[in-house]
Amino acid sequence: MKEIIVVGAGISGMVAALQLTCMGHRVRVWDQAEGPGVGAGPHPSVHTTGIDLEATSRYLELDLSPFFTSVRRCPFLVGKQVVNPPLHLLDLHSTERGARPGSLDMYLYGKCLEAGIEFEFDTPLDEEGLSSLPSGTILAGGLNPSLYRILGLPYRNWYGLYRVGEAEEDGVSRVWVGRGVSEYGYLSTCNGLAFEFLFSTQPVGEETAARYEEETGSYVRGGWLPASGAVPLASPRQPRLFHRRFILAGTLSGAMDPFFWFGICGALVGGRIAALAVHDPQRAAREFSAMTRGFATGWWTKRLWYLVRRDPRRLEAVISRIGPERVEKAFDLFYRRFRFPFRIPGFSRLGNMGRDLAS
Ligand SMILES: Cc1cc2nc3c(=O)[nH]c(=O)nc-3n(C[C@H](O)[C@H](O)[C@H](O)COP(=O)(O)OP(=O)(O)OC[C@H]3O[C@@H](n4cnc5c(N)ncnc54)[C@H](O)[C@@H]3O)c2cc1C
């Protein structure tokens with residue numbers, strides 16, 4: 001029985017730890033945060049992603065369904081124009097993150113404790129610590145810039161404003177494409193929690209938050225708080241499972257959708273792949289490449305999208321001229337006919353890793 005160290009007690013780190021324990025290893029998980037569910041970002045929060053819950057649960061041998069809420073409404077707002085995406089094709093679900101009971105983090109943490117996995121919190125990994133880690137250590141640092149820096153991995157900075165409040169209704173999301181953010185603003189609700197987040201590759205100003213409120217009508221009342229971090233989206237060749245002597249897991253490995261920046265699916269599936277890499281590096285490399293196959297196409301598609309959305313007022317005018325219903329129809333047709341060439345890493349109708357593995 002080999003002892004394996006996992007750095008990062010987020011989603012992918014805990015999934016990897018659980019898988020390794022099932023394979024008979026003793027696992028220790030280190031995290032710089034002071035406790036479970038607090039290290040991975042501004043929490044509590046609600047994250048939304050396309051996910052095939054059945055296929056992902058089967059792959060991980062973990063029932064994820066109680067921790068995801070199906071999204072029933074998710075309008076995209078561009079100025080006064082409202083486009084409703086074909087939800088029946090997208091498998092959109094929301095999950096709570098953070099340290100409250102009922103969050104995905106606390107579910108995985110509970111499973112890890114049951115499996116006898118040891119956690120060492122308040123244990124940040126720095127450059128010196130890295131050189132003393134054994135080969136084959138799993139690194140799962142998520143969106144925190146520190147591991148990208150000490151590993152020499154490329155990354156981009158992101159900045160955001162967020163706020164949290166009570167939700168009147170679960171399963172509601174909304175996406176805002178407006179001025180002042182390179183990405184978008186979103187609202188998501190689940191477990192009675194409402195989370196609003198505006199994020200961008202440049203710092204987001206209060207005037208952008210005011211514009212968001214004016215164009216969407218506020219959901220959560222109260223002030224905005226700043227957040228920032230790193231994303232593995234610096235290059236179309238970003239995804240890598242092995243780096244130096246280490247195995248990378250989750251978002252740090254580039255298992256992220258470069259278009260919407262969905263990272264949940266890649267963290268779940270990537271945790272298992274990282275564990276597999278300890279025993280069968282070749283099979284793990286095959287599964288990793290199936291999971292991240294759409295990354296480069298998504299990365300380039302995003303570059304095109306940046307040009308299209310550079311002036312949201314012009315985009316609003318174009319949608320108004322075409323008509324939102326026609327845009328919705330085109331989206332639906334495009335999806336059915338061509339499938340998206342870029343994918344959410346993992347199992348979802350926008351990912352379909354299973355099909356890749358079978359082919
Ligand atoms: C505000 C916000 C909103 C998001 N919204 C969505 C969304 O709607 N949909 C979606 O799919 N994705 C979303 N994401 C992205 C998604 O949350 C991440 O991609 C996902 O959590 C990554 O999982 P992970 O396992 O790779 O890392 P994480 O779950 O982020 O965990 C990383 C862990 O590593 C620890 N760590 C980092 N560096 C060190 C170090 N040097 N030493 C020790 N420990 C370290 C951290 O403390 C943390 O606990 C969002 C992210 C944020 C921050």
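When reading the values below, keep in mind they use all heavy atoms of this one structure, side chains included, and skip hydrogens, waters and symmetry mates. In each ligand, atom 1 is the first atom listed, and ligand 1 is the first ligand listed.
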Those atoms of ligand 1 less than 4.0 Å from some heavy atom in [X]:
| X | value |
| --- | --- |
| Pro124 | 42 (N), 43 (C) |
| Gly8 | 33 (C), 34 (O), 35 (C) |
| Leu125 | 40 (C), 41 (N), 42 (N), 43 (C) |
| Thr123 | 43 (C) |
| Pro42 | 1 (C), 53 (C) |
| Arg97 | 17 (O), 20 (C), 21 (O), 29 (O) |
| Ser12 | 24 (P), 25 (O), 26 (O) |
| Ala140 | 32 (C), 33 (C), 34 (O) |

Nearest-neighbour protein heavy atom for atom 12 (N) of ligand 1, which is reported as residue plus atom name and distance: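 The protein heavy atom lying closest is Gly263 N, 3.1 Å.
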Nearest neighbour in protein (non-hydrogen) for atom 27 (O) of ligand 1: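 Protein heavy atom with the smallest distance to atom 27 (O) of ligand 1: Gly142 CA, 3.2 Å.
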Contact with ligand 1 for Tyr186, non-hydrogen, under 4.0 angstrom: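 Under 4.0 Å: yes for Tyr186.
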ILVMFWY clustering at 4.5 Å (side-chain atoms), partners of Tyr155: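 Direct or chained contacts put Tyr155 with Ile5, Val7, Trp30, Leu125, Leu130, Leu133, Leu139, Leu147, Tyr148, Ile150, Leu151, Leu153, Phe246, Leu248, Leu252.
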Under-4.0 Å heavy-atom contact with ligand 1, by part of Leu147 that carries it: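 Just the side chain.
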Ligand 1 contact on Tyr162 by region, counting heavy-atom pairs under 4.0 Å: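 Near ligand 1, Tyr162 shows nothing, with every heavy atom at 4.0 Å or more.
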Whether Phe119 and Tyr109 hold their rings parallel, tilted or perpendicular, with breakpoints at 30° and 60°: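 The rings of Phe119 and Tyr109 stand perpendicular, inter-plane angle above 60°.
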Less than 3.5 Å between some nitrogen or oxygen of [X] and one of ligand 1, yes or no?
| X | value |
| --- | --- |
| Leu252 | no |
| Gln32 | yes |
| His47 | yes |
| Ile264 | yes |
| Ile11 | yes |
| Val46 | no |

Option of least heavy-atom distance to atom 22 (C) of ligand 1 (set: Leu143, Asp122, Thr251, Leu248):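 Among Leu143, Asp122, Thr251, Leu248, the closest heavy atom to atom 22 (C) of ligand 1 belongs to Thr251.
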Any Arg237 side-chain heavy atom under 4.5 Å of Trp299 side chain: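 Heavy-atom side-chain distance check fails, nothing below 4.5 Å.
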Partner of Ser173 under side chain to side chain contact (heavy atoms under 4.5 Å, CB included), chosen from Leu92, Leu187, Thr48: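 Filter result, single survivor: Thr48.
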Please table the atom pairs, donor to acceptor, closer than 3.5 Å between any side-chain atom in residues 31-46 and protein atoms at least two apart or in another chain.
from, atom 1, to, atom 2, distance (Å)
Asp31, OD1, Ala33, N, 2.8
Asp31, OD2, Ala9, N, 2.6
His43, ND1, Ser45, OG, 2.7
Ser45, OG, Pro42, O, 3.4
Ser45, OG, His47, NE2, 3.1

